[in-house]
> 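What follows is a single structure, and I will ask about it in a moment.
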Amino acid sequence: MIKAILIFNNHGKPRLSKFYEHYSEDTEQQIIRETFHLVSKRDENVCNFLEGGMLIGGSDYKLIYRHYATLYFVFCVDSSESELGILDLIQVFVETLDKCFENVCELDLIFHVDKVHNILAEMVMGGMVLETNMNEIIMQVDAQNKMEKSEVSWTPPVPCMCMT
Amino acid sequence: MALKIVKGSIDRMFDKNLQDLVRGIRNHKEDEAKYISTCIDEIKQELKQDNIAVKANAVCKLTYLQMLGYDVSWAAFNIVEVMSSSKFTYKRIGYLAASQCFHESTDVIMLTTNQIRKDLSSPNQYDTGVALTGLSCFVTPDLARDLANDIMTLMSHTKPYIRKKAVLIMYKVFLKYPESLRPAFPRLKEKLEDPDPGVQSAAVNVICELARRNPKNYLSLAPLFFKLMTSSTNNWVLIKIIKLFGALTPLEPRLGKKLIEPLTNLIHSTSAMSLLYECVNTVIAVLISLSSGMPNHSASIQLCVQKLRILIEDSDQNLKYLGLLAMSKILKTHPKSVQSHKDLILQCLDDKDESIRLRALDLLYGMVSKKNLMEIVKKLMLHVDKAEGTTYRDELLTKIIDICSQSNYQYITNFEWYISILVELTRLEGTRHGHLIASQMLDVAIRVKAIRAFAVAQMATLLDNAHLLTGNMQRNGICEVSYAAAWICGEFSEHLENPMQTLEAMLRPKVATLPGHIQAVYVQNAAKLFATVLKSQEGNTDSTAAQETSQLMIERLPLFVQSANLEVQERASCILQLVKYIQKLQQKDVEVAEEVSALFAGELNPVAPKAQKKVPVPEGLDLDAWINEPPSESESEDEQPKAIFTKEETKHSRPRHIEVDEKELARRREARKQEQANNPFYIKASPSSQKVYQDTPGVEHIPVVQIDLSVPLKVPGLPMSDQYVKLEEERRQKERAEKKKKEKKKRKEKRSGRGKKHDSGPESEEDITPAHMVDIVTEEMPENALPSDDDDKDPNDPHKALDIDLDNLGEMAGRRPLADSEKLPVRSHRAVEAAKSPGEDGDAETVATQQPKKKSGKDKRDDKKKDKDKERKKSKDEKKKKKHKHEEKEEDLLRGEVHEPVVQSEGISQVAELPTSTSAEVSDLDFWLSNAPVPSNTQEAATVAAAEAPVAEVVSGAAQDSEPDEPKDTEMEETKSSKHKKKKQKKEKEEKEKKKKKRHHHHHRHSDGGGEESVQNGTVEEEEPLPSMSNYCLLAENSYIKMVYDIQGNLQDGSQVVVSVIFENKCDSFLKSMEFNVLDSLNSKLQRPEGSGPHDGLTVPFQLPPGVSNEARFVFTVQSIVMPQKLKGTLTFIVKNEESSTHEKLDFKLHFTCTSYLITTPCYSDAYAKLLESGDLKGSSLKLEGVNMPFHHLLARICFHHHFSVVERIDSCSSMYSRSIQGHHVCLLVKSSGQTVSIDAKCDEPTMLGNVLDEIKQTFSQC
C-alpha cells in the first residue's frame, strides 16, 4: 500500500500532497516538513530509500523518493510494495506528466495541481497501484480532458437556455 | 431570475480561478496569510451563489488551499453540491476536493451515498471512474456497507477501466466492512483471470494485500497464483505474486519446494532488477521456511547470496541498500553463508549513505565472533564519536549493546572490556538510551560474578564523577546510568576499595536534583554501604570512625527526607531513624555492625523479565473464583471469563508438557554443568586417557552437541562418561572427539586466564577464550514456566476483522452457503429486486461471478439499452441456463457423480454440493503441492496437513501414491478447462476416493510429537519417505455423521486424558444440538461442567453444516492407567433440513488403550542408561514376525502410534522411551533382523507394559 504521495520543491514548498489515510491539515503539513527535512539533507548519490519518518508510517514504512531538478517526488509505502517497483512508478509518473504537460516544469505543477491530481488518480487509487502503463494512463487522461472540453464549449448555452 | 444568472456568469469572468489564486499567492510573499484569508472570504461569497460553475471554481481553489494546510472542512457541504453536478468537469472537481478533505468523521458524507450510487451506475464510464477514485479515499463503514453491492456489480462491468477500479476499491470496502469479504470473494478470485491485464493486476493487488495480513486463508489460491506466475509477463503482477508467495510459503513448506525452481529460473532469466530482487527475497523466504534438512538447497542459498553480493557491490546505492536488506533475512537462518561476505559488509559500514550504514549495522549482528567482536565494536565506537545525528548514534549504541549481549553474551571473552565500553558509552551527550546502558550494567554485574569487583570499581568512579550529575544530563536520560551505578556499588559493596568515599559521593546534595526513582536507589544503597563501612570500621576497633560515619548519615539524610518524591522521603526517613538508633547504640559501645549488615544479607538472583507472568497457576487455585460469596446476583456476568479461562487451559495443555519437559531437561543439564565446573578433577581429566579419533565429521549434526553449544561460555556439559558405559561405540566416539576439542580449549583458556591482566582496550582481540572463568548465571524462571508464548500480537490490527475463512467459498460462490446475514445489503430503490428477497440477490451475484466473460459479451450487446430492468431480467435468464451448465461441469470435475439440477436462489441447493467440493478444494491444493519432486516431504506434508481439515489429509496421503508423471497434467487441468483432461482427473479423484475409504485413518500429527520425532527418529534424507499416519481412528459412523477420535494424555494432571473427536457431517442437512454422553465407569469419568449431573451429556460447542467437520475435545479423569478400558457412549443430535428436523442418535465405544496414557517424552541417552541401570524396571519382550517395512518406518510407527521417542538408533537396533501420564517409564529396545522384529521392553508397571506390548503387536498385525 502507498500511504502518501508528496511532491515538493527544493525549498520544501508542497506542490502536491495526496494522503491515502486521513490526517488533520496540521499533521499533513508537519509530515511534509519532516519528509522534506529527511529527504533534502541527503546527497545526490545516496540511495533513494529512507526509513525513520516519525510522523508517518512506522517500522513497516519506507520513504521512496526521486529528485528531479527542482522537485522531490516522495512516496511513502509499506513493505508490500517493491522498492524498485515504486521507483519505476515514480519514473512513469514523471514521464506521464512530461507527456501531458509537454516538457513539464515546476510551474506546470504549481498552476495545474488539479490536473496533476487527475493524472495521479489514473495511476494510484486509494493507495494501490492502478495502472503502470503510460500509454494507457495518457489515453484515459486525454479522454477525460476531451470530455471536459466538450462540456466547456457547451457551457455558454446554459444561461441562454434558461432565458428562453 | 434570468437576469441574475446572466449577471452571475458575467461576474464569473472577474472571479479568480485557480491560476489567479496561485499567482496572487506568489505575488504576496510577505503577507501570504493575509492574502489567503481575503481569498477565503471571496471563496465563501462564491460558494453562496447558485451558479454551479462558480461553486466548482471556488471548491477547486479550496482544494489548493487545503494542500497549503488550510482547514476547508467548513465547505464540505458545498463540495457535496459540486460532486452532485451533472457535468463531469465539476463532478471531478468535487470528488477531488472530497478525496482530499473528507474523512470518517465528516458528517455530510452520509448525504453522498445516493449521489455516489447514481454516479457508479452512470452510463458515462468516467463519471463512474471519478466516483470510484473519490470513494477510495473517503469510504466509511456506512458507505462501504451501502455501496458494496453496487461496487461488486461493477466488478463485472463491460469496460475494463471500470472493472479494474471496482476491483481495487473492494480492498477498501473490505477494510471498512469486513462482512463483504465472503460474498465478494468468489468474484474477486475470478478477476484473477480477467482477460484485461489491468484488471488482473488489480485483483492480484487486492488479494496480495488481503493475504499479506491473513495468509493462511489464501493458501488455496496458490495453484492459481502459481499459474499466473508462470504465465504472466507483467513485471508488476509478477512482483506482487512473488511477494505473496513469500507470505504464503512459511505456512506451507511444500509450496516452497514447488516454487524454488521457477523462481531460480526467473532469477537467471530476468533483466528487471526489481523482479530479480523480489525473486531472491522470496527464495530466501522459502529457504527460511524449509530451514533445515534440505541439503540440496544450499545451491539456492549460494545463488541468492551471490546475486545479493552483486547487488551490494553495484555502484547504484539503491541496489546496495536492498542487497543488504535481503542479506539480513538470510542471516537469520543461514548465518554461515553471509559470514563469508564479512569484508563487504564491514566495507558498507563506512559508506557515506546513512541508510546503507544502518542496514550494514543490522548485518553486523551475525558477523561477530569471539575473535572479532572487540575489533568490530572498536570500529563502531569510532563511528559513535563521528556520528552527527542523534538517531544514527543511538542506533549505533543499541547495536553495540545488542551485538555484545546477544545469546547470553556469547561472544564476550573479556567482561572488563565490556564494562569499560558501557562506561564509555555513558559519555554520549543526549542519548535516549541511558536506560539500556544501565540495565546492561546491572545485568552484567549481577550475572557475571567474576566481574563484580571490577564493575564496582568502575561504578564507584562513575558515581564520583560529577559530570553525570550536571543538570543537562537529566533531560537526556543518561542519568539512568547512575541508578545502575548506585545499585551496584551498594549491593556489592564488599568489593569497594574505598566505601567511605563512595558513601560520601552518594550523599552529595547534588543527588537531590536527580529524578526521584534514582534518588530512592541512592538512599537505599547508601544504607547498604553504611552497613559495609560500619562492619569494616568496627573490625578495626576504632569506634570514633564508626560514629563519624553514622554522623555523616545523620547529617546528609535530612535532605532526602524533605524530598517531594514519596519513595525517597519514606526510605530516607526510615533509614535516618535507623541510623539515629545505631548511633545511640554506638555511644554505648555496643557492636552493631553484624546486625546492621544482616539487614541487607542474602544474595539477589537475577530473575527473567517474564518470570512473574509465567508463574503457573497452582493446581486447584482458581484466580477468578470468589473467595467469599459474590456480593450480589447482578455481577454474575463476571463469571464469564472464568469459563473461558478453564477452557483455554485444557486446550493448551498438551503443548505445555513438552515445553515444561524441555525446561526441566535444560535445568538438569545446567545442574550437571555446574557440578562439573565445581569438580576440581574435571578440568584435569588427563588428555592421555582420551583416544584420538580422526574421523569426527558431522559432529555438528548431533543434536545434543548443538544444544550444549548454546551456553558456550561455560565448558559445555558432557555427560559423565562412566555413567553410560553401555551406550554404543559410535556415539561415544563422537562425544570423545568433542570432549577432546573442549579439553584443548580449556587448557588454552587457563593459560590465557593466568597470563592476562585486565585491560579495557581491544588488544585482546586474538584471545578467543574468556579472560576470566566466567559463570553467567541464567535468569531464574518459575518452575513449570512456559517459554515464550507469543504475547506480542497487536490486538488493534484493523486487518484482524478480515481474517475470514474463504476456503469453503472455493471457485464457486457459496460453498459454505452465505447466510442471509452475510449477503450484501441492497438498497430498496431497486424495487424490483428488493421485492424478490435477499436470497435472490445473493444468487444473482453467484451467477454473475461464474460468467465474467460471457456476461461482458452480452453486456456489450445490451449496452445501449436504457431499460435496466429489462436487461437484468434477460441476463438473469441467460445466466440461469449457464449456471446449470457450469455447475454440472464443475460437479463432473469434482466427483463425477450424477448431479441433480440445482434449485435456484436457495442457499440450501448450494449446501448440497458442500461435502465433496470442500474437500476437493483443499485436496486440490494438497494434491498440487504433493507433486513437488522432492523426496522426504512426507514429514513436512504431514505436519502441515495436520493444520488442515482432516478430510483433505486422507487425499493428500493418497495423492502421494499416485503416479509421478500425472501431476503436471493435473496442475494444468485445474485451471485450463480441457474436457479430456478433466476426465482423467476425475478418474484420479475416484481412485483417491476409493483409497480414502480403504484406510480409515487420517494422518493427523500432533504438535507435540512432531518436531521431536523428526529429529530423533533418525529419518535421514536418503531413506524413503514415511507413509502417512494418523492416530485418529473410527469411533462410530452412520449415514449422517462420522466420528473419529484420538486420545492424548495430560501430563500436567496424571489423572486426565483428553479425547479429541472429529465430527464430520456426511449428509446434506444441518446437524445441530449435538450432545455427547458417556456412561462413566468406576475408573474413568467424563469431566462435566460443575452443576451438571453424572449422567448429563456434554453439548458439542458447534453445529455442523453439510460436509463440514469440526473437532471437539472432552476431558476424562482416569484413576488407574495400567489396563485398557472401553466406555460406552451415545451421541444425540438433530438433523435439520428445509422441511423437517429429526432426532437421531449414534452409539459408540471409546477405547482407552494403554498407549493413550503414554506421552511422547524425549529422553537423553545418559538419563536413559541410568534408568535402565537402576533396576527398578521389570522386563518383558515381544516378537513380531513377518514385518515387512523399513526399520525407520517401523520406528516411526511406534513413535507415532504409541507415543514413543527414539533415544538412540544404530542400524537396525533402536532404544525408545516414553512416559505415562502418571510417570511410569517405558523403555523399549527394538531390534530388527529380516522380517523379524524383537522388542525387549522394561517398565515399572508390568501390567501396563504387557498391555502396551499387546497394542504394539496389534498395530503391526494390522499392516
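Numbered from 1 within each chain, the chains take letters A, B, ... in sequence-line order.
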> Taking side chain to side chain contact (heavy atoms under 4.5 Å, CB included) as the definition, give me every residue that meets it alongside B:T63, ordered by chain and number, with sequence neighbours left out.
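Side chain to side chain contact (heavy atoms under 4.5 Å, CB included) check on B:T63 returns B:V59, B:L96, B:A97, B:Q100.
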> Which region of A:R42, side chain (C-beta onward) or backbone (N, CA, C, O), has a non-hydrogen atom less than 4.5 Å from a non-hydrogen atom of chain B, or is it both or neither?
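For A:R42, the side chain is the part near chain B, not the backbone.
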> Answer with yes or no whether the side chains of A:K149 and B:T89 bring together a donor and an acceptor at under 3.5 Å.
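A:K149 and B:T89 do not have a side-chain donor-acceptor pair below 3.5 Å.
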> Sort A:Q144 into side chain, backbone, both or neither according to what part of it lies under 4.5 angstrom from a heavy atom of chain B.
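Its backbone and side chain both get close to chain B.
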> Do B:Y161 and A:E122 have side-chain atoms, one donor and one acceptor, less than 3.5 Å apart?
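Present: a donor and an acceptor within the cut-off.
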> What pairs with B:C101 under side chain to side chain contact (heavy atoms under 4.5 Å, CB included), at least two apart in sequence or on another chain?
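Expected list: A:E25, B:Q66, B:V72, B:I79.
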> Side chain, backbone, both or neither: which part of A:S79 has a heavy atom under 4.5 Å from chain B?
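A:S79 touches chain B through backbone and side-chain heavy atoms alike.
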> Considering only heavy atoms, which portion of B:F88 lies under 4.5 Å from any heavy atom of chain A: side chain, backbone, both, or neither?
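Both backbone and side chain of B:F88 come within 4.5 Å of chain A.
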> Drop me the distance from A:F49's CZ to B:N318's CG, to the nearest 0.5 angstrom.
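The distance works out to 4.0 Å.
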> Is B:C208 in contact with chain A via its backbone, its side chain, both, or neither, using a 4.5 Å heavy-atom distance?
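Interface part for B:C208: neither.
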> Classify the ring geometry of A:H22 against B:H103: parallel below 30°, tilted from 30° to 60°, perpendicular beyond 60°.
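Correct class here is parallel.
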> To the nearest 0.5 Å, tell me how far B:R92 CZ sits from A:D114 CG.
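It is 8.0 Å, given to the nearest 0.5 Å.
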> Checking heavy atoms, do the side chain of B:S99, its backbone, both or neither come under 4.5 Å from chain A?
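It is both, since atoms from each part get that close.
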> Any residues in residues 133-141 of chain A near chain B, with a heavy-atom distance under 4.5 Å, and which are they?
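Answer by number: A:E136, A:Q140.
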> Please flag which part of A:V124 lies under 4.5 Å from any non-hydrogen atom of chain B: side chain, backbone, both or neither.
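For A:V124, there is no contact with chain B at all, as no heavy atom is under 4.5 Å.
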> Between A:H112, A:E131, A:K18, which residue shows the highest count of heavy-atom pairs closer than 4.5 Å to chain B?
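That would be A:K18.
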> Who in residues 88-103 of chain A is close to chain B, using a strict under-4.5 Å heavy-atom cut-off?
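Only A:D88, A:L89 of residues 88-103 of chain A have a heavy atom under 4.5 Å from chain B.
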> Which bit of B:I169 comes within less than 4.5 Å of chain A, counting heavy atoms only: side chain, backbone, both or neither?
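Both backbone and side chain.
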